[in-house]
Participant: 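Sending over a structure as structure tokens; questions will come in a sec.
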Amino acid sequence: MENRKGLVQTFMDGGKSGFQLWFNNVVPAIIFGYVIVQFLNVSGLMNVFSIVFTPVMRIFGLPGEAATAIITSYLTLPAGCAMAASMVQGGILSTREVTILFPMMYAVSSHLLYIGRVLGTSGVESKKYPLFIAVGLICSCIAGLVMNILV
């Protein structure tokens, strides 16, 4: 005889799995994002990022500090989103700027993880990894240009 779960039990199991996934993967990344923003602000490194990246980020209508959210998104998107949210709360980014920034972040989201998990395990030659990175960066730049025009 088959051991079949009822609809309610299946729903509860799915909810439990979803909560565990959120709590174990998303929450730590969000905390990481907020901690990085605070560290950069307290240490004065956010000012350094602002000075260094302002000339490039200005092309997209963004302040130099926005580069930190893109870099963090490259590592893990939830942390980059948390960083962007923290910058909005701190008055570093406006609503318009974060609207431009988000598509740029998504274009490079979690590349470091994908290189290891997908490209590495599927046997893609490591000499092709820079192409993967370049395509993401190009897409991110295109997204920033387009959003700067449309928003």
Side-chain angles (χ1 to χ4, degrees), residues 2-7 9-41 43 45-46 48-88 92-93 97-151:
E2 276 185 54
N3 183 12
R4 294 176 25 165
K5 295 181 183 180
L7 179 63
Q9 186 60 45
T10 301
F11 178 80
M12 294 302 290
D13 290 346
K16 181 179 174 184
S17 294
F19 177 79
Q20 288 173 340
L21 176 71
W22 172 79
F23 187 77
N24 293 327
N25 296 322
V26 176
V27 170
I30 290 171
I31 292 170
F32 175 68
Y34 278 109
V35 168
I36 286 180
V37 168
Q38 294 308 313
F39 171 76
L40 292 173
N41 283 331
S43 68
L45 288 173
M46 188 66 84
V48 173
F49 274 99
S50 175
I51 293 166
V52 171
F53 289 105
T54 292
V56 174
M57 298 307 286
R58 191 176 305 149
I59 295 168
F60 309 110
L62 298 171
E65 296 93 337
T68 59
I70 294 172
I71 293 166
T72 305
S73 293
Y74 179 81
L75 303 172
T76 174
L77 183 60
C81 290
M83 181 173 269
S86 180
M87 285 193 270
V88 169
I92 297 170
L93 291 176
E97 291 166 340
V98 81
T99 304
I100 295 168
L101 180 62
F102 264 46
M104 296 178 74
M105 292 168 45
Y106 279 98
V108 295
S109 66
S110 304
H111 273 182
L112 188 62
L113 296 174
Y114 296 146
I115 287 172
R117 289 182 183 166
V118 179
L119 300 180
T121 58
S122 61
V124 173
E125 297 175 34
S126 60
K127 68 181 181 181
K128 294 182 181 176
Y129 292 2
L131 179 61
F132 172 76
I133 294 167
V135 168
L137 291 173
I138 291 167
C139 290
S140 181
C141 290
I142 291 169
L145 292 171
V146 169
M147 291 302 290
N148 192 24
I149 292 167
L150 296 179
V151 177

Participant: If I compare all heavy atoms of T99 with all of P103, which pair ends up nearest, and what's the gap?
Facilitator: O-CD, 3.1 Å
Participant: Kindly give the heavy-atom pair with the smallest separation between P78 and T76, and that separation in Å.
Facilitator: CD-OG1, 3.2 Å
Participant: For G14, is there any backbone N or O sitting under 3.5 Å from a side-chain donor or acceptor partner on S17?
Facilitator: no
Participant: Taking distance alone, no hydrogens or angles, what donor-acceptor pairs closer than 3.5 Å link side-chain atoms of residues 51-64 to residues at least two apart or in another chain?
Facilitator:
unit_1	atom_1	unit_2	atom_2	d
T54	OG1	S50	O	2.2
T54	OG1	G64	N	3.4

Participant: Looking at Y129, I'd like to know if its OH atom is crowded, meaning that more than 12 non-hydrogen atoms belonging to other residues, nucleotides or ligands lie closer than 6.0 Å.
Facilitator: yes
Participant: Check the orientation of H111 and Y74. Use parallel for under 30°, tilted for 30 to 60°, and perpendicular for over 60°.
Facilitator: perpendicular
Participant: Check whether any side-chain N or O of T72 sits under 3.5 Å from a backbone N or O of A69 as a donor-acceptor pair, and report yes or no.
Facilitator: no
Participant: Taking the side chain as everything from C-beta on, heavy atoms only, tell me whether C81 gets closer than 4.5 Å to F102.
Facilitator: yes
Participant: Knowing that exactly one of M87, M83, E65 qualifies, which makes a side-chain contact (heavy atoms from CB on, under 4.5 Å) with L93?
Facilitator: M87
Participant: At what distance, to the nearest 0.5 angstrom, does CD1 of I70 lie from CG of L75?
Facilitator: 12.5 Å
Participant: So, S140 side chain and G136 main chain: donor-acceptor pair closer than 3.5 Å or not?
Facilitator: no
Participant: With the side chain counted from C-beta on, respond yes when M105 and L77 share a heavy-atom pair under 4.5 Å apart, and no when they do not.
Facilitator: yes
Participant: Any side-chain heavy-atom pair from F132 and V124 closer than 4.5 angstrom?
Facilitator: no
Participant: Under a 4.5 Å cut-off applied to non-hydrogen side-chain atoms, are M104 and M147 in contact?
Facilitator: no
Participant: Determine the minimum heavy-atom distance between S73 and G80, stating which atoms define it.
Facilitator: OG-CA, 3.4 Å
